[in-house]
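Worksheet for the structure shown next.
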Amino acid sequence: MKRVMLTVAYDGTNYHGWQLQPNVTTIESVLNGALSALLKQEIKVIGASRTDTGVHALGNIAVFDTQARMPAEKFAYALNQRLPEDIRIQDSREVPPCFHPRRQESRKTYEYKILNSAFPMPVCRLYAHFTYVPLDVVSMQKAAAYLVGEHDFKSFCSVNTTAETTVRTIYEATVEKCGDMITIRVTGSGFLYNMVRIIAGTLIEVGRGNRPPERMQDILRACDRAQAGPTAPACGLTLVKYVFLENGLQ
């Protein structure tokens, strides 16, 4: 028996998130189906990050166990012949049998894209949130800086969370603009349900001048979802990088 790790890229537009759910198509269900058909046995993957409906990924992680003699590095090629165009395996490799993607110390990086222009751009509609209201990127960057460090992010978490603790560590939070595209980039040890989208929604409020950057400190201290901004739409969010610190896997 060996454990194989997959690095999975996907356009989340047509999927109800990563995690298995009854009567809907998810990234996990498609991977399970493709692997089961390939190996002629029931396979269930274990995913690292349970991205929401409409969220994209350049490199989410999944593992599965198999007795198949196929070399681990060949699974990427075999699966990509069976997967739909909007899901592609970027890498496959063997990992230790004890490796569990949600129990390893890791750093995850998300980016949230905002198209800030007078009119929408059709080719960006599935991958960026559009707003015509001019955003002050300098103020957004000042506000984002308050998020760095270990904090209780209860204000930036869906009220429906089942997390045992809402304390998380953010290593980097930046806001940059290139042309009409604003990119919010956040790297952390882990993220709560809707956390990055709520951060994005709050930073948009700051960019519009509805909140001063310094208010971010008060929002963190409040530990109250009602104090933060709205949850930004899913289309702008992409999981861009996943790094496991213990063994350098990425």
Less than 4.5 Å apart, side chain to side chain, heavy atoms only: is that true for [X] and [Y]?
{"X": "Val4", "Y": "Asp65", "answer": "no"}
{"X": "Gln141", "Y": "Val138", "answer": "no"}
{"X": "Arg215", "Y": "Leu220", "answer": "no"}
{"X": "Asn32", "Y": "Leu20", "answer": "yes"}
{"X": "Ile182", "Y": "Glu176", "answer": "no"}
{"X": "Ile46", "Y": "Arg102", "answer": "yes"}
{"X": "Phe191", "Y": "Lys108", "answer": "yes"}
{"X": "Phe64", "Y": "Leu35", "answer": "yes"}

Quiz item: Under the salt bridge (charged side-chain N to carboxylate O under 4.0 Å, His left out) test, which residues partner Asp224, sequence neighbours left out?
Solution: none
List the atom of [X], the atom of [Y], and the distance in Å for their closest heavy-atom pair.
{"X": "Phe153", "Y": "Ile170", "answer": "CZ-CG1, 3.5 Å"}
{"X": "Glu205", "Y": "Pro230", "answer": "CG-CD, 3.9 Å"}
{"X": "Phe156", "Y": "Met216", "answer": "CZ-SD, 3.4 Å"}
{"X": "Gln90", "Y": "Leu58", "answer": "CG-O, 4.1 Å"}
{"X": "Tyr242", "Y": "Pro101", "answer": "OH-O, 4.0 Å"}

Quiz: residues 72-80 side-chain donor-acceptor pairs under 3.5 angstrom, not counting sequence neighbours:
{"from": "Asn80", "atom 1": "OD1", "to": "Ile89", "atom 2": "N", "distance (Å)": "2.7"}
{"from": "Asn80", "atom 1": "ND2", "to": "Ala76", "atom 2": "O", "distance (Å)": "3.1"}
{"from": "Asn80", "atom 1": "ND2", "to": "Ile89", "atom 2": "O", "distance (Å)": "3.0"}

Donor-acceptor pair, side chain of [X] and main chain of [Y], under 3.5 angstrom:
{"X": "Arg3", "Y": "Phe99", "result": "yes"}
{"X": "Arg197", "Y": "Ala232", "result": "yes"}
{"X": "Ser36", "Y": "Gly33", "result": "no"}
{"X": "Asp86", "Y": "Asn14", "result": "no"}
{"X": "Thr169", "Y": "Glu150", "result": "no"}
{"X": "Ser117", "Y": "Phe119", "result": "yes"}
{"X": "Ser106", "Y": "Phe244", "result": "no"}

Will you find, in the side chains of [X] and [Y], an N or O donor that is under 3.5 Å from an N or O acceptor?
{"X": "Ser49", "Y": "Tyr110", "value": "yes"}
{"X": "Thr231", "Y": "Arg225", "value": "yes"}
{"X": "Tyr193", "Y": "Asp52", "value": "no"}

Self-check item: Atom NZ of Lys142: over 12 foreign heavy atoms under 6.0 Å
Solution: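 No, not enclosed.
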Would you list the atom pairs, donor with acceptor, under 3.5 Å between side chains in residues 127-135 and any protein atom, with sequence neighbours excluded?
{"from": "Tyr127", "atom 1": "OH", "to": "Asp11", "atom 2": "OD2", "distance (Å)": "2.4"}
{"from": "Thr131", "atom 1": "OG1", "to": "Val133", "atom 2": "N", "distance (Å)": "3.4"}
{"from": "Thr131", "atom 1": "OG1", "to": "Arg208", "atom 2": "NH2", "distance (Å)": "3.0"}

Practice problem: From the options Leu147, Thr202, Ile198, Ile199, select the one residue that forms a side chain to side chain contact (heavy atoms under 4.5 Å, CB included) with Ile219. | Solution: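 The residue from Leu147, Thr202, Ile198, Ile199 that satisfies side chain to side chain contact (heavy atoms under 4.5 Å, CB included) with Ile219 turns out to be Thr202.
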Quiz item: Do NZ/NE/NH1/NH2 and the carboxylate oxygens of Arg185 and Glu111 come within less than 4.0 Å?
Solution: yes
So how far is it from [X] [atom1] to [Y] [atom2], rounded to the nearest 0.5 Å?
{"X": "Ile184", "Y": "Lys113", "atom1": "CD1", "atom2": "NZ", "answer": "10.5 Å"}
{"X": "His56", "Y": "Cys235", "atom1": "NE2", "atom2": "SG", "answer": "6.5 Å"}
{"X": "Tyr146", "Y": "Arg221", "atom1": "OH", "atom2": "CZ", "answer": "9.5 Å"}
{"X": "Leu239", "Y": "Thr51", "atom1": "CG", "atom2": "OG1", "answer": "7.0 Å"}

Quiz prompt | Within 45° cone and under 6.0 Å: Arg88 NZ/CZ vs Tyr10 ring | solution = no
